[in-house]
S.K.: 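I have a structure here, written as structure tokens, and I will follow up with some questions on it.
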Amino acid sequence: MSTAIRHYLQFTDLSADEYAYLLQRAALLKQKFKTYEKHQTLSDRTLAMIFEKASTRTRVSFETGMYQLGGYVVHLTTGDSQLGRSEPIEDSARVISRMVDLVMIRTFEQSKIEAFARHSRVPVINGLTNEFHPCQILADIFTFIEHRGPIQGKTVAWIGDGNNMANSWLQAAKLLGFTLHVSTPKGYELDEMLALGERADARHLRVFDSPLQACQGAHLVTTDVWTSMGYEEENAKRLQAFADWKVDATMMAAAQPDALFMHCLPAHRGEEVDADVIDGPQSVVWDEAENRMHVQKALMEYLLMGKQTA
């Protein structure tokens with residue numbers, strides 16, 4: 001592998017060919033996990049996890065995954081790290097990256113993780129920022145492929161907030177060759193320029209005023225909470241604005257008969273999704289949650305070791 005450091009700060013940091021490898025590798029690592037076959041390619045390597053935003057799934061998936069790969073984990077919270085407050089981000093990056101092999105950061109502004117990566121001697125992974133959530137989209141695509149085969153040429157309907165998930169879905173659509181249908185309330189639109197640096201064409205993005213129309217013919221319907229972490233003061237306003245964007249049985253019926261439903265969790269039943277959808281037969285949210293661990297194991301291994309054949 002080249003000595004150049006590879007970071008994973010947004011979905012576009014890897015190529016379509018690299019994703020093809022990662023998705024195949026994740027399937028192999030999952031199969032080994034299910035059959036209790038030891039796979040410790042990162043023996044004696046250390047992952048530092050820095051959390052400025054709390055998380056259940058991100059912590060468990062990265063921490064457990066690193067242990068399964070034979071490595072160690074250092075867990076830092078806001079009080080331990082305080083990126084850019086107790087000391088400059090650049091200094092934190094220089095110090096931490098001299099002591100560990102890999103860093104995962106879950107924080108607020110994308111600019112923070114980019115500043116850290118510029119001064120890091122080891123790969124940095126985006127565990128979530130306000131702008132992007134690439135590891136979740138990687139897990140979602142892996143989950144779709146598990147259940148329905150290749151995502152190329154398919155249609156994904158994003159219903160709700162034009163947030164970090166929507167931005168990463170749009171990047172994936174362009175890179176991997178599928179179409180994203182998006183429906184958001186006024187004032188909460190997807191920012192194409194932020195996601196792509198340019199306007200998306202109709203092959204990759206179609207925007208709908210009606211969430212029901214966005215679901216029409218979709219192979220996957222997916223959503224997120226209406227109020228993401230850091231926007232809690234807007235909750236009452238958002239509940240009113242998003243009232244018509246709850247994914248329900250009618251929306252699922254407009255999609256393909258075998259359409260899947262996904263949600264990155266945690267979910268609020270009765271708000272962004274009805275209970276009979278998220279707990280229904282088309283929902284794969286539990287597979288989706290588990291698959292964070294498998295794709296992240298493949299990602300960590302790849303960033304540190306390159307492509308593996310065993």
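All values derive from a computational prediction rather than experimental measurement. All residue numbers refer to positions in the sequence shown, counting from 1.
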S.K.: Might you point out which heavy atoms bring D101 and V122 nearest each other, and give the distance in Å?
M.R.: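 Scanning both residues completely, I find the closest heavy atoms to be O-CB, 3.3 Å.
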S.K.: OH/Y19 to CD/Q24 distance, rounded to the nearest 0.5 angstrom?
M.R.: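 Reported value, rounded in 0.5 Å steps: 15.0 Å.
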S.K.: Charged N to carboxylate O below 4.0 Å: is that the case for R203 and D201?
M.R.: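 A salt bridge is present here (some side-chain N lies under 4.0 Å from a carboxylate O).
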S.K.: If every non-hydrogen atom of F62 is compared with every non-hydrogen atom of C135, which pair is closest and at what distance?
M.R.: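 Shortest heavy-atom separation between F62 and C135 comes out as CZ-SG, 4.0 Å.
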S.K.: With rounding to the nearest 0.5 angstrom, report the CD to OG1 distance, E52 to T77.
M.R.: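 Spacing of CD (E52) from OG1 (T77) equals 9.5 Å.
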S.K.: Take atom OH of Y188 as the centre, draw a 6.0 Å sphere, and report whether it contains more than 12 heavy atoms from other residues, nucleotides or ligands.
M.R.: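 Yes.
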S.K.: To the nearest 0.5 Å, what is the distance between CE on M104 and CD1 on I50?
M.R.: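 Rounded to the nearest 0.5 Å, the CE-CD1 separation comes out at 8.5 Å.
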S.K.: Between E271 and R238, is there a salt bridge with N-O shorter than 4.0 Å?
M.R.: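 Salt bridge: no.
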S.K.: Run the ring pair (Phe, Tyr, Trp, His ring centres under 6.0 Å) check on F142 and H294 step by step: do they pass?
M.R.: CA-CA 9 Å; F142 178 74; H294 304 303; 7.1 Å; no
S.K.: Going by salt bridge (charged side-chain N to carboxylate O under 4.0 Å, His left out), name the residues that satisfy it together with R45, two or more places apart in sequence or in a different chain.
M.R.: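 R45: no salt bridge (charged side-chain N to carboxylate O under 4.0 Å, His left out) contacts found.
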S.K.: Please check if any side-chain donor atom of K112 sits under 3.5 Å from a side-chain acceptor atom of N130, or the reverse.
M.R.: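 Absent: no donor and acceptor within the cut-off.
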S.K.: In Å, rounded to the nearest 0.5 Å, how long is the span from CD1 of I137 to CE of M262?
M.R.: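 Rounded to the nearest 0.5 Å, the CD1-CE separation comes to 9.5 Å.
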S.K.: Using 30° and 60° as the class boundaries, would you call the ring planes of F51 and H75 parallel, tilted or perpendicular?
M.R.: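 Answer is tilted, since the angle falls between 30° and 60°.
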S.K.: Will you find, in the side chains of Q171 and N167, an N or O donor that is under 3.5 Å from an N or O acceptor?
M.R.: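 Per modelled atom types, Q171 and N167 side chains form no pair under 3.5 Å.
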S.K.: So, does D248 use its side chain to make a donor-acceptor pair with the main chain of D274 at under 3.5 Å?
M.R.: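 Judged by distance alone, no pair lies under 3.5 Å.
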S.K.: Specify the closest pair of heavy atoms between A243 and W226, including all atoms of both residues, with the distance to one decimal.
M.R.: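 Between these two residues, the closest heavy atoms are CA-CH2, 4.2 Å.
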S.K.: If we ignore angles and hydrogens, is there a donor and acceptor under 3.5 Å between the side chains of Q308 and E301?
M.R.: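 There is no such pair (donor and acceptor under 3.5 Å, judged by atom type) between the side chains of Q308 and E301.
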S.K.: Would you say that more than 12 heavy atoms from the other residues, nucleotides or ligands in this model lie under 6.0 Å from the CD of E198, or not?
M.R.: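 Yes, the 6.0 Å shell around CD holds more than 12 heavy atoms from other groups.
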S.K.: Got a sec: does the CG of D209 have more than 12 other heavy atoms crowding it under 6.0 Å?
M.R.: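 Not buried by this count: 12 neighbours or fewer within 6.0 Å.
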S.K.: Please name the pair of heavy atoms, one in I141 and one in A172, separated by the smallest distance, quoted to 0.1 Å.
M.R.: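 Looks like CD1-CB, 3.8 Å.
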S.K.: Can you find a side-chain donor-acceptor pair between T184 and E189 that sits under 3.5 Å?
M.R.: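 Per modelled atom types, T184 and E189 side chains form no pair under 3.5 Å.
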S.K.: Which value, rounded to the nearest 0.5 Å, describes the distance between F261 atom CZ and I159 atom CD1?
M.R.: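 Reported value, rounded in 0.5 Å steps: 10.0 Å.
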S.K.: Assess whether atom CD of Q240 is packed by more than 12 heavy atoms of other residues, nucleotides or ligands within 6.0 Å.
M.R.: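 Result for CD/Q240: open.
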S.K.: Using only heavy-atom distances, determine whether the side chains of T223 and E272 contain a donor-acceptor pair under 3.5 Å.
M.R.: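 E272 and T223 do not have a side-chain donor-acceptor pair below 3.5 Å.
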S.K.: Of all the heavy-atom pairs spanning L170 and A195, show the shortest one and how long it is.
M.R.: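 Of all heavy-atom pairs spanning L170 and A195, the closest is CD2-CB, 4.0 Å.
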S.K.: What are the two closest heavy atoms between Q110 and N126, and how far apart are they?
M.R.: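 Closest approach of Q110 to N126, heavy atoms only: OE1-ND2, 3.3 Å.
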S.K.: Identify whether W245 and I278 are in the same connected component of the hydrophobic contact network (ILVMFWY, side-chain heavy atoms under 4.5 Å).
M.R.: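 Hydrophobic grouping puts W245 with I278.
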S.K.: How long is the gap from OG1 on T143 to CD1 on I151, to the nearest 0.5 Å?
M.R.: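 Here the rounded value is 10.0 Å.
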